[in-house]
Every structure is written in C-alpha cells, then in structure tokens.
Amino acid sequence: MVTATSKERNYVTEITDGEHIIYSDTIKSDNGTGEYVNPADMVISALAACLNITLRKRMRAEGLVWDSVTVHVDMNRKNPEDIKIYTKIIIEGDIPQEKKDELIANVLDCPICKVLKGGKTFLPLEM
C-alpha cells in the first residue's frame, strides 16, 4: 500500500510504501514549489523504470549480455481525452539489431503498461 501525506509547503506531498519515502509536488506556475517530481511525471517514471527492468530481466533470461539499457518516456497531456505516451528504448551492447528490435517490440507488455492500457476500477480501500 502507498500513502501520500500533505506537507506544510504548498502542494508538497510525502509518499511512502512503508519502507521508502519520495516527495511529489506540482509545478511553480500551479502554485507548487517545483522542487519535486509532479504526479504525471511519476506515472511515466514508473513506466520507464518498469520497461527498463522488464527488458533487462528478459535479456538475462535469454543469456544475452548488454552494456546498458536506456528508456525515454514522454506523455502528451494537452488533451485529457486523448493522452499519448511515447517511448524510446536504447539497448547498448553486442546484440544484433534485429534481436534488439524484437526485444523492444515485446517489452510493451510490462506490468505498468498493462495498468496504463487496461480498464480501471477504483474502489474504496478498507483500512
């Protein structure tokens, strides 16, 4: 479970999973401090991390050796009814390009991709 608690300054929010603590905020033009990652960027950060981790797990399972994996994610938020998420994944290492392309094409089923793509139901959390 994740808990978000308001802090004293504007919209600064402390987020914890019980073990780790991170902070979020909104942008300065929205009366935030702008010191911390905003919630929308946290969502695409989760996606970038999940794509990166999932891809490396799959490469390790196939016995592949790589130097680095970099995932870039951006989101067009201008129209809330038509949000577009853009990804670019770069695998550095001695793996044939055809294999890299195959891995990249198949990683868009990572757990966070499924959450973002699927239908959602919001229910009250019984505490």
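Just so you know, residue 1 is the first one in the sequence shown, and it goes up from there.
Atoms CD and CD1, on Q97 and I91 in that order, are 8.0 Å from each other to the nearest 0.5 Å. Note: D74 CG to D41 CG = 8.0 Å, rounded to the nearest 0.5 Å.
G93 and K100 make their closest contact through O-NZ, 3.3 Å (heavy atoms, listed as atom of the first residue, atom of the second, distance). Considering every non-hydrogen atom in both K117 and K120, the closest pair reads C-NZ, 4.1 Å. When every heavy atom of V107 is checked against every heavy atom of R58, the shortest pair comes out as CA-NH1, 3.5 Å.
Enclosure of atom CG in N79 by more than 12 non-hydrogen atoms of other residues, nucleotides or ligands within 6.0 angstrom is indicated.
Annotation: side chain of L47 is in contact with side chain of C110 (closest heavy-atom distance under 4.5 Å). Under the 4.5 Å side-chain criterion, counting only non-hydrogen atoms from C-beta, Y23 is in contact with V12. Between M59 and I95, the closest side-chain pair of non-hydrogen atoms falls below 4.5 Å. Between L103 and E62, some side-chain heavy-atom pair lies under the 4.5 Å cut-off. Two residues are said to be in side-chain contact when any heavy atoms from C-beta on lie closer than 4.5 Å; V71 and K88 fail this criterion. Residues M42 and N38 form no side-chain contact, since every pair of their non-hydrogen atoms from C-beta on lies 4.5 Å or further apart. Side-chain atoms of E14 and I21, non-hydrogen and from C-beta on, do get closer than 4.5 Å to each other. Looking at heavy atoms from C-beta onward, I89 lies out of side-chain contact with T70 at the 4.5 angstrom threshold.
The backbone N or O of Y11 lies less than 3.5 Å from a partner atom in the side chain of T13, making a donor-acceptor pair. No side-chain donor-acceptor contact under 3.5 Å links D30 to the backbone of T26. At least one donor-acceptor pair closer than 3.5 Å links the side chain of N10 to the backbone N or O of N31.
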Kindly determine whether R77 and D82 satisfy salt bridge (Lys or Arg N to Asp or Glu O under 4.0 Å), including the steps that lead there. CA-CA 8 Å; R77 310 164 211 193; D82 187 29; over 6 Å; no

After noting the C-alpha distance and the side-chain angles of V65 and D94, does the key distance pass the side-chain contact (heavy atoms from CB on, under 4.5 Å) rule? CA-CA 7 Å; V65 178; D94 192 23; over 6 Å; no

Give the C-alpha distance, both sets of side-chain angles, the deciding distance and a yes or no for side-chain contact (heavy atoms from CB on, under 4.5 Å) between T54 and R56. CA-CA 6 Å; T54 301; R56 289 184 291 142; over 6 Å; no

Run the salt bridge (Lys or Arg N to Asp or Glu O under 4.0 Å) check on K7 and D25 step by step: do they pass? CA-CA 10 Å; K7 302 312 280 179; D25 190 7; over 6 Å; no

Please step through side-chain contact (heavy atoms from CB on, under 4.5 Å) for the pair K114 and I112, ending with a clear verdict. CA-CA 5 Å; K114 291 176 183 173; I112 297 298; over 6 Å; no

For I85 and V73, run side-chain contact (heavy atoms from CB on, under 4.5 Å): C-alpha distance rounded to whole Å, both residues' side-chain angles, the deciding distance at 0.1 Å, then the answer. CA-CA 7 Å; I85 297 174; V73 178; 3.8 Å; yes

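If you chain together hydrophobic residues whose side chains sit under 4.5 Å apart, Y36 and I15 never meet in one group. Criterion: ILVMFWY side-chain heavy atoms under 4.5 Å apart, direct or through other members. Under it, I83 and L51 are part of a common hydrophobic cluster. L116 and L108 fall within a single hydrophobic cluster, where Ile, Leu, Val, Met, Phe, Trp and Tyr side chains are chained together by heavy-atom contacts under 4.5 Å.
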